[in-house]
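Below is one structure, written out as structure tokens, with a few remarks after it.
Order of the sequence lines fixes the chain letters, A, B, ..., with proteins taken first and strands second; residue numbering starts at 1 for each chain. It should be emphasised that the depicted structure is a prediction, and the values quoted were computed from it without experimental measurement.
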2 protein chains.
Amino acid sequence: MTTINDIAKLAGVSRTTVSRFLNNSGYVGQEASERIAQVINETGYMPSQSAQTLRTKKTGVIGIILPKISTETSSRVVSGINKVMKREGMQILLTDTELDPDKEIEYLRLLKSRQADGIILLATNIGERLQQEIEAFPIPVVALGQNIPGVPSLTYADYDASSDIMHLLIGKGHRKIGFIGVSETDPAVGKLRQTAYTDALKRQNLEVKESWMAEGDFSIDSGYEAMKRIITDNRSDPPDAVFCVTDRMATGAMEYLKEQGFSIPGDVAVAGIGDAVMSRYITPSLTTVNYYNEEAGEAVGEMLLETMAGIKHSKKMMHKYRLIKRDSV
Amino acid sequence: MTTINDIAKLAGVSRTTVSRFLNNSGYVGQEASERIAQVINETGYMPSQSAQTLRTKKTGVIGIILPKISTETSSRVVSGINKVMKREGMQILLTDTELDPDKEIEYLRLLKSRQADGIILLATNIGERLQQEIEAFPIPVVALGQNIPGVPSLTYADYDASSDIMHLLIGKGHRKIGFIGVSETDPAVGKLRQTAYTDALKRQNLEVKESWMAEGDFSIDSGYEAMKRIITDNRSDPPDAVFCVTDRMATGAMEYLKEQGFSIPGDVAVAGIGDAVMSRYITPSLTTVNYYNEEAGEAVGEMLLETMAGIKHSKKMMHKYRLIKRDSV
DNA sequence: AGAAGATGTGTAATCGATTACACATCGTTG
DNA sequence: CAACGATGTGTAATCGATTACACATCTTCT
């Protein structure tokens with residue numbers, strides 16, 4: 001590998017001058033510049049990032065910790081983050097916790113040792129240990145999707161969006177509304193959306209029936225199974241609508257309903273959250289909420305950049321969302 | 001940040017001993033070990049990756065260059081790669097060319113300067129310059145999806161898979177088969193799949209009709225538009241089947257056909273490639289080919305690992321695939 | 001008992017960049 | 001014309017790790 005010393009030698013100057021040329025710092029003569037530029041071009045030289053980092057403490061890398069790489073939400077968010085980081089000439093180091101909370105801490109440490117300039121955390125559950133770790137963390141951290149105390153966080157408007165869905169359902173005349181959620185250890189998706197569900201029912205004096213509620217694990221299959229449970233447990237009094245906290249689970253739920261000959265939304269209306277691409281093309285098309293994931297990615301990206309620049313954040317921000325009414329309700 | 005020197009001082013030994021302790025190299029006494037372990041625990045010390053890299057030339061990072069982050073295929077592949085890299089304690093540095101061939105070269109260089117230990121390239125088009133760049137490249141590179149001369153490549157069985165689709169279509173009695181492809185600058189998706197299409201028709205002495213063929217750009221919308229063009233240009237003699245080179249475009253095509261009141265597969269059969277999640281849930285469910293993207297990701301991952309270890313590869317490998325017969329044909 | 005090997009630790013060079021400081025040259029100005 | 005600022009370049013320390021080499025003890029074996 002060519003180093004700055006090689007370039008210096010070939011161009012007949014000292015490595016200091018080469019460095020100055022590269023970084024545009026200090027004066028470099030016309031002639032020297034040309035020779036250096038030439039040599040660099042010929043050799044295809046690129047400065048060693050590790051040497052630079054060792055001196056400057058800047059890696060030009062930010063780390064992303066996400067629960068699962070291969071989901072639509074993740075890849076949209078990453079794409080958004082990528083957009084702003086590219087603009088700043090920064091690279092992205094991806095880590096995937098596979099929904100294991102311990103890994104969140106592990107990767108936090110790893111990114112520290114890699115001296116990431118900043119970290120974007122898409123957490124799922126927020127434990128004691130995680131918070132402790134972040135408290136004394138030497139690297140700027142921002143969070144997306146969950147509100148982490150002490151960390152600038154951009155959250156989705158889970159409560160409001162869910163309320164909107166519920167209103168829509170209720171507005172359409174549905175009174176027996178079921179729910180397919182996820183574990184409450186997930187504050188945003190598990191807890192908040194469910195609270196919005198029960199709150200909406202209570203506000204309208206509608207029944208909150210345990211057997212109309214089921215828990216899945218984000219997968220399409222788990223939505224199918226959850227729907228199956230709800231239907232088989234309520235043969236005599238099935239719900240006439242189901243609010244699913246993710247589009248994937250909603251898709252599974254619809255799949256089961258269709259199999260069983262229920263008409264959607266005639267017999268049972270279904271709504272989801274997330275606006276997966278698929279939701280528009282299944283039949284009937286799925287009523288859902290779009291969270292502008294890509295823009296949210298850009299927004300946390302900017303947020304991290306600002307935090308890195310020392311700008312304090314008002315800690316709590318909610319990203320916009322949009323209710324998408326389609327044919328399943 | 002605590003450094004190895006701090007640890008050494010606190011533990012009352014030299015930094016050499018600390019290093020040996022950390023790397024399990026050479027002898028370290030019981031007592032010293034304990035003191036060092038203690039201090040490290042107390043301080044939460046992690047060695048500086050950049051300093052290590054500067055000395056050892058190993059970053060523990062591999063780069064992935066992909067055409068677009070936020071696609072199902074990409075995220076599946078990345079997930080697969082991640083799986084094997086995690087096993088080896090390696091991190092992934094993601095770069096996204098946004099389908100710009102120039103960026104492929106740019107990122108290659110960037111990953112060089114970051115001293116990635118290896119690179120996985122998901123190229124789209126393969127130009128002269130790209131090949132030149134790779135030829136003298138100091139870092140192991142492997143490719144997925146496209147066969148790049150001189151580079152160990154794992155390709156999908158595009159020709160065979162497409163032929164299978166065509167056989168299926170023909171076997172079902174279709175004789176007027178249309179085609180929705182992408183630009184031929186993409187050797188695998190654009191060229192190979194189209195060749196398989198025309199070859200299959202010729203083999204059966206079926207008509208290859210220009211106006212039954214249209215080009216999209218991978219997007220659902222472009223599939224819709226392509227289908228529209230084919231139908232409007234052939235009012236009197238529309239095809240009775242369409243082979244789309246991606247599921248997304250097939251989805252768009254179906255959307256148009258449904259809108260226009262064509263029954264699928266009664267009036268027009270549709271088939272795609274890629275087995276997007278959505279394909280199973282749209283109506284009718286889409287006949288397609290599954291490329292085992294995640295496994296392919298694992299496979300190139302292993303391939304890269306081997307290449308990095310100095311094992312020469314038989315250059316050309318084809319990944320398995322599976323025809324999935326559903327209701328659209 | 002003395003030699004040979006095993007065990008445990010330290011000294012100092014090194015990786016490839018950045019940067020404070022010093023020095024030289026040149027044009028401008030009072 | 002002496003002095004000063006602008007311009008252009010080099011010397012050497014530094015960042016935080018690894019590692020070749022040297023040295024000291026302690027076992028063990030003949």
Assess whether one donor atom and one acceptor atom, taken from the side chain of Arg15(A) and the base of dT18(C), lie less than 3.5 Å apart.
yes

What is the separation between atom CG on Asn24(A) and atom P on dT19(C), rounded to the nearest whole Å?
13 Å

Gap between atoms CD and C1', on Gln115(A) and dC15(D) respectively (whole Å):
10 Å

For dT19(D), does either OP1 or OP2 sit under 4.0 Å from a side-chain N or O belonging to Ser25(B)?
no

Rounding to a whole Å, what distance do you find between Ile4(B):CD1 and dC15(D):P?
14 Å

Ile7(B) CD1 to dT18(D) C1', in whole Å, measures 16 Å

For Lys191(A), does the NZ atom sit with more than 12 other heavy atoms under 6.0 Å from it, leaving out its own atoms?
no

Nearest-nucleotide wise, let me know which of Ser33(B) and Pro47(A) is further upstream toward the 5' end of DNA chain C.
Ser33(B)

Using whole Å, what does the distance between atom P of nucleotide dG8(D) and atom CG of Asn23(A) come to?
17 Å

Do Gln115(A) and Ser50(B) have side-chain atoms, one donor and one acceptor, less than 3.5 Å apart?
yes

Does the dT19(D) base have a donor-acceptor partner in the side chain of Arg20(B) within less than 3.5 Å?
no

Check the orientation of His319(B) and Tyr156(B). Use parallel for under 30°, tilted for 30 to 60°, and perpendicular for over 60°.
perpendicular

Once you apply a heavy-atom cut-off of 4.0 Å, does Ser48(B) come out as touching a base, just sugar-phosphate, or nothing?
sugar-phosphate

Which of the following nucleotides, dA17(D), dT9(D), dT9(C), is nearest to the side chain of Arg55(B)?
dA17(D)

What is the distance from OH of Tyr27(A) to P of dC26(C), rounded to the nearest Å?
17 Å

How long is the line joining NZ of Lys57(B) and P of dA17(D), in whole Å?
16 Å

Is the distance from OP1 or OP2 of dT9(C) to the nearest side-chain N or O of Thr17(B) less than 4.0 Å?
no

Distance check needed: dA13(C) P versus Leu54(B) CG, whole Å only.
17 Å

NA contact type, Thr3(A), heavy-atom cut-off 4.0 Å: base, sugar-phosphate, or nothing?
sugar-phosphate

Could you tell me whether the phosphate oxygens of dT18(D), OP1 or OP2, come under 4.0 Å of any side-chain nitrogen or oxygen in Thr56(B)?
no

Side-chain N or O of Gln49(B) closer than 4.0 Å to phosphate OP1/OP2 of dA17(D):
no

Which of these, Ile65(B), Leu66(B), Ile81(B), sits in a side-chain contact (heavy atoms from CB on, under 4.5 Å) with Ile120(B)?
Ile81(B)

Do Thr71(A) and Thr73(A) have side-chain atoms, one donor and one acceptor, less than 3.5 Å apart?
no

Please determine whether the number of non-hydrogen atoms from other residues, nucleotides or ligands lying under 6.0 Å from atom NZ of Lys57(A) exceeds 12.
yes

With hydrogens left out and only the distance checked, is there a donor-acceptor pair under 3.5 Å joining Thr16(A)'s side chain and the base of dT11(D)?
yes

Determine the contact category for Phe21(B): base if any of its heavy atoms lies under 4.0 Å from a base atom, sugar-phosphate if only primed atoms, P, OP1 or OP2 are that close, otherwise nothing.
nothing

Nearest-nucleotide 5' precedence on DNA chain C, Ala51(B) against Gly26(B)
Gly26(B)

